[in-house]
Amino acid sequence: MSSTTLTALGGAIDCDIHPAVPNARALLPHMDEYWREHMLRRGLERENFDLSAYPVNAPINVRPDWKLEKGPPGSSLADMQAHVLEPMGTGLAICNVLHGAQAMMSEDLSAALCRGVNNWLAAEWLDRDPRLRASILVPQHSGELAAEEIERMAGDRRFVQVLMLAMAELPPGRRQLWPIYRAAEKHGLPIGLHAGSTFRHPPSAGGWGSTLMEDYVSYAQGFAAALNSLLAEGVFQKFPDLKVVLIESGVTWLPASMWRINKTWRGVRSEVPWLNKLPADIIRARVRLTAQPLDAPADSAGLGMVLEQLGSEDMLLFASDYPHWQYDGADAVPAGIPAGMLQKMMVENARATYPRLKAA
Amino acid sequence: MASRHVVAAADEIPPGGRKIVTVRGRQIGVFNLGGEFFALINVCPHQGAKLCEGAIVSQLVSNGPGEYGLARPGEIIRCPWHCWEFDIRTGQSWCEPDDVKARSFNVTVEAGGTLAKGPFVAETLSVSVERQYVVVEM
Ligand code: FES
């Protein structure tokens with residue numbers, strides 16, 4: 001699809017772009033006094049806090065023509081504007097910062113860095129381009145501190161979502177994490193689960209792999225497990241207004257996963273009596289996915305079939321996944337998505353998912 | 001047209017009990033729920049297991065995660081194969097009540113004296129005037 005068509009669709013909402021923190025020094029002015037000095041005492045300002053899930057030099061992390069002369073990919077607003085926002089005629093774009101802040105072993109350092117990143121994002125990006133919206137980074141290993149950060153940031157309506165990595169210390173449905181969901185629901189913020197891991201366990205269910213290829217492919221299984229956990233633990237029942245967005249999860253694994261959950265639930269539901277609806281129906285009502293990358297079969301007929309099996313036109317959200325290398329040229333929209341679904345995917349579904357985008 | 005079949009003497013199936021009978025060549029499970037009788041086909045709509053021979057259980061109720069409760073003890077039959085649950089009163093499955101159902105039949109309890117007058121089929125029973133009988137319509 002060409003960029004002119006995107007513009008014709010009315011200024012698409014890009015639900016996944018990745019501004020990058022250029023270096024930890026950039027965060028210092030945005031950190032609390034104690035933690036600023038702490039960073040300097042330990043020499044942490046010299047670190048870059050990249051997530052191991054996204055090693056800097058991995059080709060998937062940046063499209064060759066989106067590399068920057070200076071700084072990590074995604075670290076310049078001017079370049080982001082020139083690479084995607086302008087050519088695609090983007091209406092709004094949601095910034096998801098992938099940063100080690102969320103992965104720290106120390107909950108307190110994690111919280112301090114997340115505060116720093118959120119403040120930096122508001123000042124250096126959101127204040128400078130009115131098209132930008134953002135996700136709140138939270139110290140996701142601590143339900144309590146994460147909820148505090150949501151409370152601190154929620155007043156800024158440009159933050160439209162809470163960002164978590166799909167794989168962390170605990171499966172995301174566990175009750176220790178419910179303060180996060182309580183705070184998110186209260187403020188009309190969906191939970192965005194982004195591909196990646198804090199590597200407290202292997203990304204593959206079979207143990208530690210040897211290659212990034214294994215890890216990256218396994219992320220889809222990580223999402224399936226995260227979704228199982230949210231369903232089984234009853235997060236969707238406990239927080240009836242909460243939505244969950246699976247970001248960079250791929251899409252085509254989901255129909256098979258839904259069948260499997262439905263089938264298993266019928267036989268073992270005495271473990272989870274609160275799950276009082278077909279799990280697939282809960283997923284259709286409450287879970288959304290960004291459509292980049294789309295791990296689709298090569299022919300568009302095949303893609304149409306898989307998407308039909310999702311059983312809903314409301315689930316896909318447009319995303320460029322800038323600057324990750326998922327496609328070339330301006331083809332941010334995968335070919336073969338049925339027209340009706342495509343129309344909804346570009347704007348309407350995002351507005352329905354993110355209450356804070358409705359008025360925007 | 002449906003015909004009426006005398007399948008058991010009422011006191012043969014005590015409350016909480018069941019009896020598998022054959023009517024017009026088909027197996028039917030007849031259940032006594034606290035004095036009321038119900039009948040379901042003995043074939044699970046999922047994959048054909050002998051549904052009425054499964055465990056008789058309660059309905060699971062929950063007001064939310066971590067809350068576990070039981071209701072309607074003895075009114076749910078659980079298929080012996082894949083544990084799908086069905087409401088003995090209606091045949092509706094718990095999981096998909098509108099789409100997945102076990103066929104149910106009308107059941108009445110009638111006095112032997114009344115039965116002697118109307119048309120009915122008693123394939124295996126001899127009916128005596130003083131007793132009460134379970135009659136299935138099929
Ligand atoms: S045959 Fe009854 S649940 Fe499968």
Side-chain angles (χ1 to χ4, degrees), chain A residues 143 170-186 191 226-244 258-287 309 311, chain B residues 16 18 29 31 33 40-104:
Chain A
L170 289 175
R174 295 294 289 274
R175 290 179 202 167
Q176 289 99 305
L177 301 176
W178 286 8
I180 303 179
Y181 307 132
R182 192 167 293 120
E185 183 188 48
K186 170 176 153 200
I191 296 292
L227 193 51
N228 283 346
S229 167
L230 291 168
L231 279 164
E233 301 280 1
V235 168
F236 294 108
Q237 264 77 16
K238 188 74 185 177
F239 305 101
D241 293 326
L242 189 72
K243 288 220 165 76
V244 172
M258 292 199 292
W259 299 330
R260 193 170 166 86
I261 298 172
N262 277 356
K263 183 174 166 70
T264 308
W265 167 76
R266 284 194 177 96
V268 301
R269 64 169 209 94
S270 62
E271 289 183 314
V272 286
W274 46 86
L275 214 51
N276 54 6
K277 271 192 218 155
L278 269 181
D281 289 343
I282 299 175
I283 293 173
R284 288 188 187 107
R286 312 282 293 282
V287 176
Q309 286 158 352
Chain B
R18 77 187 118 180
F31 299 83
L33 303 189
L40 298 179
I41 190 113
N42 192 21
V43 178
C44 178
H46 179 220
Q47 286 182 357
K50 289 184 185 297
L51 174 63
C52 298
E53 294 168 24
I56 294 175
V57 296
S58 314
Q59 186 174 38
L60 305 173
V61 288
S62 170
N63 292 323
E67 295 186 36
Y68 302 85
L70 298 178
R72 301 177 55 201
E75 299 205 1
I76 308 294
I77 182 101
R78 200 184 65 171
C79 178
W81 279 5
H82 312 103
C83 299
W84 292 17
E85 295 152 305
F86 296 83
D87 187 329
I88 293 174
R89 289 175 181 271
T90 61
Q92 285 174 303
S93 66
W94 189 89
C95 291
E96 283 170 89
D98 298 329
D99 296 326
V100 181
K101 291 182 201 171
R103 194 172 158 199
S104 63

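Hydrogens, waters and symmetry mates play no part in the numbers below; they use all other heavy atoms, side chains included. Remember, it's a predicted structure, so these values are computed and weren't measured experimentally. Labels below follow one simple rule: chain letters A, B, ... track the order of the sequence lines, proteins then strands, and each chain is numbered from 1.
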Spacing of CZ belonging to A:R269 relative to CD belonging to B:E85, to within rounding of 0.5 Å: 4.0 Å
Distance-minimising heavy-atom pair for A:W274 and B:S62: CB-OG, 3.3 Å
Give the minimum heavy-atom separation between B:L60 and A:P273, together with the two atoms involved. CB-CB, 4.1 Å
Quick check: closest heavy atoms across B:P65 and A:G234, and the distance to 0.1 Å? CG-O, 3.3 Å
For A:N276, is it the side chain, the backbone, both or neither that has a heavy atom under 4.5 Å from a heavy atom of chain B? both
Close contacts, residues 67-81 of chain B versus chain A, judged by heavy atoms under 4.5 Å: B:E67, B:Y68
Interface residues of residues 90-97 of chain B facing chain A - non-hydrogen atoms under 4.5 Å apart: B:W94, B:C95, B:E96
